[in-house]
Amino acid sequence: MVFSHFGTLGSSLLSISLGGLVIGLVIGFIFLKLHKYFNGNSSAETFAVILLPFAAYSLAEHLGYSGVLAVVLLGMFLSWNSISLFSAGSRLQMSHFWEVIIFILNGLIFLILGMQLPAIISNIQDSDLPVLVFYGFLLFIVLVVIRLAVLSLFPLFSNSRSEKEGGFLTPSKKEYIILSWSGMRGVVSLAAALALPFKDHQGAVIEQRDTVLFICFIVIVFTLLIQGVTLPRLISMIKPSSPDKQEEKDLNILLLEKSVSFLNDFISNDDKVQAALKNMTEKLEREKYQLMNSSEETMFSRHNEWKKTYFTLELQLAECQRRALVKGYHTGDFTLDIIRKKEEELDFWTSTIHHEIAAIDHYSE
């Protein structure tokens, strides 16, 4: 029978999984202690983050545990501490770097599955295929229910004002429903299945490996076909609300108050520094007054429209400078090093403006 040895395999997988999680957590803590020696060097931090998954995976697999789960927990640990751990330059650099890596790995992992799938199916009896498809569908239902049940508990621990005053279907509950339905299986599930060894510790062939891989493939297909196709419809039905503008306003006021307090406590005998402190304090006080005495419509409509107009003009100004830069490059009026330096400044400036405009559009929806 196909599932006759699943009990032994299940207990073995549990110990392998727990061991992998422990190794990922240990390596994360070690990196946390050693991070201070990088001195904020973004290139060194990015290089270390690239090497850490390989170190976690290799160590876990060498000790007979799950390398995939070790890497997953390590990534969660680093993400949790990234706000206080990494420098601003490192976060920006890593963000663009991992976007490219994820795009490559997503395509590569499914290519590997496509190449192995014919061999996997050939090792399974034809009479067992419908049964395995049915088990895959049941497992898909169980995963969706478990994810929905777990995420539905999150709002119970929320201190948000909108959660207490939003009634039965609060904004966060709407988001958690969408998140539970969008939890489609993919690279991580497939990588964990492919990482299963061909033989156990005694050297015996694990006959259920192809079965696990096939069921994993079925679950992935169901999530892509059912959840992937119906997700846009679900979002349009639930209509998640826009971010809490009052909460954002309160946060902005808090940050301005902290900034003004810092400037007031700043001591310097330099006349230039004192003049700069006075100008900055007056500017922040004006912004705080406008925030505290403006209605939501004024702050998030008129103010955002003004900011978007300003940033659009900045984009046009950057494009004007870029055209002049290209002309100077072609005519040879300036050296290549100076051209490249100014080009980098324009690229950073333009990228920052686009992020600002995207943030305005996001909070204006």
Side-chain angles (χ1 to χ4, degrees), residues 10-110 112 143 146-147 149-151 153-159 172 175-176 179-180 182-197 201 212 216 220:
S11 60
S12 177
L13 289 177
L14 180 61
S15 62
I16 291 174
S17 301
L18 291 177
L21 294 175
V22 171
I23 290 176
L25 190 61
V26 169
I27 291 182
F29 272 113
I30 294 175
F31 176 75
L32 192 64
K33 297 300 181 182
L34 298 178
H35 176 264
K36 60 182 178 181
Y37 297 105
F38 290 107
N39 297 320
N41 189 316
S42 59
S43 297
E45 288 179 340
T46 304
F47 182 68
V49 171
I50 295 173
L51 292 181
L52 282 176
F54 293 99
Y57 184 89
S58 300
L59 179 60
E61 290 293 327
H62 177 72
L63 297 176
Y65 299 119
S66 174
V68 174
L69 290 180
V71 174
V72 170
L73 188 62
L74 174 63
M76 294 173 63
F77 180 84
L78 294 179
S79 177
W80 179 264
N81 293 278
S82 63
I83 296 178
S84 58
L85 188 63
F86 299 113
S87 62
S90 297
R91 284 194 295 270
L92 290 173
Q93 187 169 307
M94 291 178 193
S95 175
H96 297 297
F97 172 80
W98 285 115
E99 283 182 4
V100 177
I101 295 299
I102 290 172
F103 177 79
I104 295 174
L105 293 181
N106 271 326
L108 183 61
I109 195 72
F110 285 105
I112 294 174
L143 290 173
I146 292 177
R147 184 179 177 88
V150 172
L151 290 178
L153 298 177
F154 286 9
L156 299 178
F157 304 97
S158 174
N159 293 323
S172 289
E175 294 176 5
Y176 287 132
L179 284 174
S180 65
S182 61
M184 293 174 280
R185 304 319 114 172
V187 173
V188 176
S189 302
L190 190 55
L194 289 172
L196 288 175
H201 297 293
V212 173
C216 181
I220 292 173

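We use all heavy atoms of the structure for the numbers below, so side chains are in, but hydrogens, waters and symmetry mates are not.
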So how far is it from [X] [atom1] to [Y] [atom2], rounded to the nearest 0.5 Å?
X: T46; Y: L51; atom1: OG1; atom2: CG; value: 11.0 Å
X: H35; Y: L78; atom1: NE2; atom2: CG; value: 9.5 Å
X: L74; Y: L21; atom1: CG; atom2: CG; value: 11.5 Å

message: Suppose we call two aromatic rings close when their centres sit under 6.0 Å apart. Are F77 and F29 close by that rule?
response: yes
field: Side-chain heavy atoms of I101 within contact of W98, under 4.5 Å
entry: yes
field: Shortest non-hydrogen contact between L52 and I27, atoms and distance
entry: CD2-CG2, 3.9 Å
message: Pair F97, V49 - check side-chain contact (heavy atoms from CB on, under 4.5 Å), show working.
response: CA-CA 11 Å; F97 172 80; V49 171; over 6 Å; no
Atom pairs and distances, donor-acceptor, side-chain atoms in residues 54-67, under 3.5 Å, two or more places apart:
| residue | atom | partner | partner atom | Å |
| --- | --- | --- | --- | --- |
| S58 | OG | F54 | O | 2.8 |
| E61 | OE2 | G67 | N | 3.0 |
| S66 | OG | L69 | N | 3.2 |

